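Computation of the quantities below employed the complete heavy-atom set of this structure, encompassing side-chain atoms and omitting hydrogens, waters and symmetry-equivalent molecules. Each chain gets a letter, A, B and so on, in the order the sequences are listed, and its residues count up from 1. All values reported here derive from a predicted model rather than from experimental measurement.
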Number of protein chains: 2
Amino acid sequence: MATMKFSRQREAIKEYLSNTKEHPTADTVYMNIRKTYPNISLGTVYRNLNLLVDQGEVIKLNGIDGSDHFDGQVKPHYHFVCNGCNRIYDLEMESIEHIDSIANKNFPGKVEGHMAYFYGTCQECLE
Amino acid sequence: MATMKFSRQREAIKEYLSNTKEHPTADTVYMNIRKTYPNISLGTVYRNLNLLVDQGEVIKLNGIDGSDHFDGQVKPHYHFVCNGCNRIYDLEMESIEHIDSIANKNFPGKVEGHMAYFYGTCQECLE
DNA sequence: TTGTTTATAATAATAATTACTATTATTTGA
DNA sequence: TCAAATAATAGTAATTATTATTATAAACAA
């Protein structure tokens, strides 16, 4: 039944993600973990990122640009993408869950949720 | 200044998209246009889809799955993705533009818009 | 009709991600 | 403690979606 075994590489990835506010791509994770594990392979990074996502320890963000981004903060929250610097910020805000009921009103099926992110210009790029 | 020249392939793509309620990928467009233009190449499809998007005649949807999808309906609207059949439906609904102001409240930058889609189970898959 | 220029088909290249495989690390339990 | 069992790894190849290249063909203006 494929019991999961400990791996120091996976731990390092998890720890790296929980300590950064950036929302790195697999490749960026790879570059950073290499500082500690110079021989880690990109495939290992991808596989572990997906394992962590499956376990709910990490969130995968897609649809923002060509690559998937990963977020170590798993508490539900939204994201803001800056059109200037392309950085992704966490966005704590009051719930907008009600948009699901709005959508449900005019749709002949069952709306169960939504995916959303905001975009604009971040503080730093405004200055 | 690169004036755009007429092309029957581009016209066929535009017409195909304006007559379907599906939200096909470039590859699906390719398969369909081949019925009329058996020699059309996938590169031509991609180039014209992007040209049409640039001209505002077609909308590109990304972040739904691994591939870009194209929509011939350009009037602003939302989309619903069925978790059962993976089809993408148009979703006419009242405005939820106010979520941008909600996001703005707690973000130290300028929120200019959002990207969102809904998911759940479509009528057909519920039955 | 001819000359100029854009568009095309065919193909190659790129980028992101997943699959494969021989070797290594982790774990179990005698 | 050690050895067998098995999951994880590094390295590499393969895949998928998309964009770039280029010689030829189609569109169009004079």
Side-chain angles (χ1 to χ4, degrees), chain A residues 1-17 22-55 57-71 81 86 88 117, chain B residues 1-17 22-55 57-71 81 86 88 117:
Chain A
M1 302 266 109
T3 313
M4 170 125 56
K5 277 181 183 171
F6 173 90
S7 116
R8 51 188 75 199
Q9 289 89 337
R10 186 186 309 127
E11 282 309 298
I13 292 169
K14 191 160 81 176
E15 204 212 337
Y16 168 67
L17 281 177
E22 321 250 328
H23 296 73
T25 59
D27 201 65
T28 303
V29 173
Y30 174 59
M31 295 305 192
N32 278 277
I33 302 297
R34 282 230 281 194
K35 294 171 187 165
T36 315
Y37 296 96
N39 295 327
I40 195 170
S41 85
L42 187 53
T44 296
V45 172
Y46 270 103
R47 186 168 34 74
N48 281 307
L49 283 170
N50 286 327
L51 279 172
L52 292 169
V53 168
D54 290 348
Q55 293 193 138
E57 311 221 46
V58 162
I59 285 170
K60 186 192 281 195
L61 308 175
N62 42 40
I64 286 173
D65 57 20
S67 310
D68 292 343
H69 292 254
F70 296 88
D71 189 345
V81 182
N86 290 313
I88 301 169
Y117 67 81
Chain B
M1 307 260 103
T3 314
M4 170 126 55
K5 279 182 180 169
F6 172 88
S7 116
R8 51 189 74 198
Q9 291 90 336
R10 187 186 308 125
E11 282 309 298
I13 291 169
K14 190 160 81 176
E15 205 212 337
Y16 167 67
L17 280 178
E22 321 250 330
H23 296 73
T25 59
D27 200 66
T28 303
V29 173
Y30 174 57
M31 295 304 192
N32 277 277
I33 302 299
R34 281 229 284 191
K35 294 172 187 166
T36 315
Y37 296 96
N39 295 328
I40 196 171
S41 85
L42 186 54
T44 296
V45 172
Y46 269 103
R47 186 170 33 74
N48 281 307
L49 283 171
N50 286 327
L51 280 170
L52 292 168
V53 168
D54 290 348
Q55 294 193 138
E57 310 219 47
V58 162
I59 285 171
K60 186 192 284 196
L61 309 175
N62 41 39
I64 287 173
D65 57 22
S67 309
D68 290 343
H69 292 254
F70 297 88
D71 190 345
V81 182
N86 291 313
I88 301 168
Y117 67 80

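Dashed line: the shortest gap from a side-chain N or O of B:Asn39 to OP1 or OP2 of D:dA25 is not under 4.0 Å. B:Arg47 has no side-chain polar atom (N or O) that falls below the 4.0 Å cut-off from OP1 or OP2 of D:dT19. An OP1 or OP2 oxygen of C:dT6 is reached within less than 4.0 angstrom by no side-chain nitrogen or oxygen of B:Ser7. Regarding contacts with the backbone of C:dT18, a side-chain N or O of A:Asn50 is found under 4.0 angstrom from either OP1 or OP2. Side-chain N/O atoms of B:Ser41 include none lying less than 4.0 angstrom from OP1 or OP2 on C:dT8. A sub-4.0 Å separation between OP1 or OP2 of C:dT26 and a side-chain N or O of A:Arg8 is present. OP1 or OP2 of C:dA9 sits under 4.0 Å from a side-chain N or O of B:Gln9.
Using a 4.0 Å heavy-atom cutoff across all strands shown, A:Ser67 reaches sugar-phosphate atoms only and no base atom. When heavy atoms are screened at a 4.0 angstrom cut-off, B:Tyr46 is found touching base atoms of the nucleic acid. Counting any heavy atom pair closer than 4.0 Å across all strands shown, B:Asp27 reaches no nucleic acid atom.
Nucleotide C:dT17 holds its C1' atom 14 Å from the CG atom of A:Asp65, rounded to whole Å. D:dT18 atom P lies 8 Å from atom NZ of B:Lys60, rounded to whole Å. Per the geometry, CG belonging to B:Asn62 stands 15 Å off P belonging to C:dA16, to the nearest Å.
With hydrogens and angles ignored, the 3.5 Å screen pairs no side-chain donor or acceptor of A:Arg10 with any backbone N or O of A:Leu52. Between the side chain of A:His69 and the backbone N or O of A:Leu61, no donor-acceptor pair lies under 3.5 Å.
Both B:Thr25 and B:Lys5 lie near DNA chain D, and the one whose nearest nucleotide falls closer to the 5' end is B:Thr25. Nearer to the 5' terminus of DNA chain C, by closest-nucleotide assignment, is the contact made by B:Arg10 (compared with the other of B:Pro38 and B:Arg10).
Closest approach to the B:Thr44 side chain among D:dA10, D:dT9, C:dT8 is made by C:dT8 (side chain taken as heavy atoms from C-beta onward).
A 6.0 Å sphere centred on CD of B:Glu57 holds more than 12 heavy atoms belonging to other residues, nucleotides or ligands.
In this model, a donor atom of one side chain and an acceptor atom of the other lie less than 3.5 Å apart for B:Lys60 and B:Asn50.
We find the CG-CG distance between A:Asp54 and A:Leu49 to be 11.0 Å, quoted to the nearest 0.5 Å.
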